[in-house]
Engineer: 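Okay, here's the structure, questions in a sec.
What you are looking at is a predicted structure, and each value in this text was computed from that prediction instead of being measured.
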Amino acid sequence: MKKIYKVLLVFGLSASIFSCSDEFDTRTGQLNTGDLDYTDPSEMSGALVGAYNAFSTRGWEEPLLLAVRGDDVNAGGLGDQQPFADTDNFIYNNGYWMYNSLWNLHYSDIIDLNTAIVQLERYREFMEGEDDLRAQQYIAEVRVLRAWLHLNVARTWEDVFIYRTNNPFEEIEANGVSSKEEVMQFIIDEMDEAIPNLPNVRPNERTDFPGGVTAYTAYALKAMANLELENYQGVADAAGEIINSGRFSLYPDFYQLFKIPGELSNESLLEMQFDELGSDVGGTFYHNFAPFGPQGWTPARENASSGWGFFEPSMKYIKFMLDRNETVRLETSVLFTDRGINELNEDGYTDLPAFVSNTTPSGDVINDYERAYFASGKHYLPSDQLPEEQNNYGSAKNFIVTRYAEVLLMYAEAVTRGATPTAGSAAEAVNQVRNRAGLADLPSVTSEDVMDEKFAELAMEWGIRYYDMIRLNNYSELSYDGRSFSESSEYLPYPQEQVDALPLTN
């Protein structure tokens, strides 16, 4: 019983369900499950709203920790959160609060999503016809969100728990720890079951929940899981379904893609939505983007707050992009300081293009600050795009999770690694991405070409680069700027609090 109580404490189990709201992306309170009328189909969407809220309310540390070990990112944060900087150098401390928080928040949200599924199954007992089909669709959507969370924990810790119910201690007792391969197969199987119940539209084509999960979101996750298994035909098949649908296209303006104009574009397959909602429906609903931002700036819009300086594009990435004569993607992805530009000059990059400036295209000036030389442009919202009377860094900016460019590049990689093409050639997929970046077509591509394109296109996004490198055992790329990466560094150690509470092994 003591261990069960510990498990309950660690994962923050709750029997509550979020209330329904007209807003897709807000939670206005909680209802006791006994208050729900399972015979009323109009109340059913409340469980789905709660599920999307659980998915979107990520702690600020989660995306940072998932991404920081790649050679595209440096930790920043000088003078604070030393174990975070150590993690960037592959020195791990299993007592560090960020590790435990990532584990806790992902698993507690998995359990919340399982609770939503339980509620929807209860509704199904009383639903018929179109209402029953809608309940099945909602369940499928929640299963996709749950799969994304499982993908992250397996990529981070390798052997982890799979939770299909909201009674984790029973599942631990019955099933124990699953291997990374088993988790990926679980995700593939889940997506196969979910896809028939999901709409075959782009997320932004949905009228009930604009931006919500569709069959193509599930195909993208299926491709990711197959990629982790190095089942390249499975990647090509799943990604090919998305490409062949003809519904998706790359947003033409790469700079604005990551800002307000690019929200819920035709490129988006999965996106966390945030907005200024007004006091009548719960006030603001934002992700805290401050850790990504520069510690000092002179914003074009007065009084806009700066960030914390905890997330820095690596010098290696910037030099890689300069050597490729990248313009569009480099200007978008990196916020430069004069101090960073001077470092580039000292390293021999003295003839820099004009866009390498401490003033962004939107007119915000990135001042020198001690914690980093550069900041992430993909997590930057120009101060003049902030909602009225909101000053917090990045307020109301959506968080893109999966986009069509990644699908194209997964498909291209799979084909170059031997998969039978299902949606055109690898070069055609890569050239779509290159064209948006203002680069010339390649007549053919190798796997190395595709990985370079992924590095250029997807840097600083959810650890994609890092997971690619460990999948390919490309340790030399991760051993950069004095770092030394080895096989033992691939996965984080289990958080000490979980080792103490749960039957985990190192």
Side-chain angles (χ1 to χ4, degrees), residues 24-25 48 51-52 55-56 58 63 66 137 140-152 155 187-188 190-192 194-228 234-254 256-259 261-274 287 378 397-414 422-423 429 432-433 436 454 457-458 460-464 467-468:
F24 168 41
D25 50 10
L48 186 63
Y52 278 112
F55 162 70
S56 296
R58 307 259 54 86
L66 289 170
Q137 176 187 316
E141 291 180 55
V142 178
R143 291 171 77 174
V144 173
L145 301 178
R146 181 178 67 179
W148 182 79
L149 294 169
H150 278 100
L151 178 78
N152 289 341
R155 280 173 159 179
I187 292 170
I188 292 166
E190 283 282 287
M191 297 307 93
D192 283 341
I195 286 167
N197 295 315
L198 292 168
N200 292 307
V201 297
R202 283 192 313 272
N204 68 358
E205 290 181 303
R206 288 187 57 175
T207 57
D208 54 348
F209 288 104
V213 164
T214 73
Y216 301 112
T217 315
Y219 277 122
L221 264 172
K222 182 179 178 181
M224 292 176 198
N226 274 300
L227 193 64
E228 290 291 333
V235 176
D237 291 344
E241 291 284 348
I242 301 169
I243 297 168
N244 287 330
S245 74
R247 292 184 174 273
F248 293 86
S249 60
L250 300 179
Y251 189 72
D253 188 332
F254 192 72
Q256 294 293 352
L257 170 64
F258 300 93
K259 300 168 182 64
E263 291 182 352
L264 299 186
S265 72
N266 291 354
E267 185 170 346
S268 178
L269 284 121
L270 185 60
E271 194 164 321
M272 296 174 181
Q273 298 185 59
F274 306 98
H287 180 79
K378 287 183 174 177
K397 171 180 161 62
N398 280 3
F399 209 144
I400 296 172
V401 177
T402 305
R403 54 192 182 90
Y404 186 51
E406 182 180 1
V407 172
L408 288 169
L409 294 173
M410 284 193 294
Y411 174 81
E413 181 186 352
T422 60
Q432 286 188 56
V433 179
R436 199 250 308 266
K454 291 185 79 173
E457 175 74 19
L458 302 169
M460 292 164 283
E461 297 184 44
W462 295 101
I464 294 169
Y467 301 124
D468 277 346

Engineer: Check the orientation of Phe399 and Trp462. Use parallel for under 30°, tilted for 30 to 60°, and perpendicular for over 60°.
Structural biologist: tilted
Engineer: Looking at residues at least two apart in the chain, or sitting in another chain, which of them share a side chain to side chain donor-acceptor pair (under 3.5 Å) with Asn204?
Structural biologist: Arg202, Asn266
Engineer: Leu227 and Val235: which non-hydrogen atoms are nearest, and at how many Å?
Structural biologist: N-CG2, 3.3 Å
Engineer: Please determine whether side chain to side chain contact (heavy atoms under 4.5 Å, CB included) holds for the pair Ser265 and Leu257, giving the CA-CA distance in whole Å, both sets of side-chain angles, and the decisive distance to 0.1 Å.
Structural biologist: CA-CA 8 Å; Ser265 72; Leu257 170 64; 3.9 Å; yes
Engineer: Take Leu66 and Arg155 through the test side chain to side chain contact (heavy atoms under 4.5 Å, CB included) and record every step on the way to the result.
Structural biologist: CA-CA 9 Å; Leu66 289 170; Arg155 280 173 159 179; over 6 Å; no
Engineer: Determine whether a donor-acceptor pair (N or O, by modelled atom type, separation under 3.5 Å) exists between the side chain of Tyr467 and the backbone of Glu228.
Structural biologist: no
Engineer: What's the separation between atom CE in Met191 and atom CG in Leu198, rounded to the nearest 0.5 Å?
Structural biologist: 8.0 Å
Engineer: What residues, two or more places apart in sequence or in another chain, satisfy salt bridge (Lys or Arg N to Asp or Glu O under 4.0 Å) together with Glu461?
Structural biologist: Lys378, Arg403
Engineer: If you round to the nearest 0.5 Å, how far is CD of Glu457 from CG of Leu250?
Structural biologist: 7.0 Å
Engineer: How far apart are the C-alpha atoms of Asn226 and Asp237, what are their side-chain angles, what is the distance that settles it, and do they pass the side chain to side chain contact (heavy atoms under 4.5 Å, CB included) test?
Structural biologist: CA-CA 10 Å; Asn226 274 300; Asp237 291 344; over 6 Å; no
Engineer: Rounded at 0.5 Å granularity, tell me how far CD in Gln432 sits from CG in Leu409.
Structural biologist: 10.0 Å
Engineer: Return the CD to CD distance between Glu263 and Gln256, rounded to the nearest 0.5 Å.
Structural biologist: 11.0 Å
Engineer: Do Met272 and His287 have side chains that approach each other closer than 4.5 Å (heavy atoms only, starting at C-beta)?
Structural biologist: no
Engineer: Measuring from atom CE of Met224 to atom CH2 of Trp148, what distance do you get when rounded to the nearest 0.5 angstrom?
Structural biologist: 10.0 Å
Engineer: Which heavy atom of Ala236 sits nearest to which heavy atom of Ala414, and what is that distance?
Structural biologist: N-CB, 3.9 Å
Engineer: Just verifying a value: how many Å separate Thr214 OG1 and Glu205 CD, rounded to the nearest 0.5 Å?
Structural biologist: 8.5 Å
Engineer: For Ala194 and Ala140, which heavy atoms make the closest approach, and how far apart are they?
Structural biologist: O-CB, 3.7 Å
Engineer: Checking side chain to side chain contact (heavy atoms under 4.5 Å, CB included) for the pair Ile243/Phe248: CA distance, chi angles, key distance, verdict?
Structural biologist: CA-CA 7 Å; Ile243 297 168; Phe248 293 86; over 6 Å; no
Engineer: Considering all heavy atoms of both residues, which atom of Arg206 and which atom of Val213 are nearest to each other, and what is their separation?
Structural biologist: NH1-O, 2.7 Å
Engineer: Exactly one of Leu270, Thr402, Ile242, Val401 should register a side chain to side chain contact (heavy atoms under 4.5 Å, CB included) with Thr217. Which one does?
Structural biologist: Leu270
Engineer: Where is the tightest heavy-atom contact between Gly240 and Thr422, given as atom of each residue plus distance?
Structural biologist: CA-OG1, 3.6 Å
Engineer: List the steps, then state whether side chain to side chain donor-acceptor pair (under 3.5 Å) holds for Glu141 with Tyr52.
Structural biologist: CA-CA 9 Å; Glu141 291 180 55; Tyr52 278 112; 2.4 Å; yes
Engineer: Which pair of heavy atoms, one from Tyr411 and one from Ala423, lies closest together, and at what distance?
Structural biologist: OH-N, 2.7 Å
Engineer: Keeping to residues at least two apart or across chains, list the salt bridge (charged side-chain N to carboxylate O under 4.0 Å, His left out) pairs with something in residues 216-226.
Structural biologist: Asp192-Lys222
